[in-house]
Student: 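Structure incoming, see below.
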Amino acid sequence: MRIADHGWTSGLVGGPAPAGVLGPTLLISVGIGLTFPTFMPASTADAPEGDAGIVGGLANTGSQAGGSIGPAVLATAAAKADAAANGTSKADALAPGYELVFLAAGIAVAIAVLSLLVPRKERACRCLRWLR
């Protein structure tokens, strides 16, 4: 769903703003509503009862850090692409940056989804045994 949304949003260059933004925004809302409530139970499902708190805390910290670092990196990439569009109007200068950012975010989500299909080997590290 997020791949479709980022692909849809990356093609919004020069289109009608209200109609072009409403669809992807609604798709983002549905995607967030479906993924976030299932994230915490899935992250703590196999943790031993005594370690469920720390596992949940680490998952929450990872979610919060990713939610702040990801947009910072993407905003920096957009700013660099915007700076390269000298001599154009402000709206025309912003379009390549946003197009790049949404395309990069869509590719990152696609890679994350594909990584779930990779078979996992049994962990040999004794220090991570509680993760099984």
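Computation of the quantities below employed the complete heavy-atom set of this structure, encompassing side-chain atoms and omitting hydrogens, waters and symmetry-equivalent molecules.
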Student: Heavy atoms only: give me the nearest L34-T38 pair and the separation to one decimal.
Tutor: O-OG1, 3.4 Å

Student: Side chains of residues 64-73: which donor-acceptor pairs under 3.5 Å do they make with residues two or more places apart or in other chains?
Tutor:
unit_1, atom_1, unit_2, atom_2, d
S68, OG, Q64, O, 3.4
S68, OG, A65, O, 3.0

Student: Looking only at heavy atoms, which two atoms of A77 and L100 are closest? And how far apart?
Tutor: O-CD2, 3.8 Å

Student: Closer than 3.5 angstrom, by distance alone: can the side chain of S63 be matched with the main-chain N or O of N60 as a donor-acceptor pair?
Tutor: no

Student: For A52, check side chain to side chain contact (heavy atoms under 4.5 Å, CB included) against everything at least two apart and list the hits.
Tutor: none

Student: To check you understand the geometry: which heavy-atom pair defines the closest contact between V101 and A78, and what is its length?
Tutor: CG2-CB, 3.3 Å

Student: So, using side chain to side chain contact (heavy atoms under 4.5 Å, CB included) as the criterion, who are the partners of S43 when residues are at least two apart?
Tutor: M40, A59

Student: Out of curiosity, T44 OG1 to D51 CG, how far, rounded to the nearest 0.5 Å?
Tutor: 11.5 Å

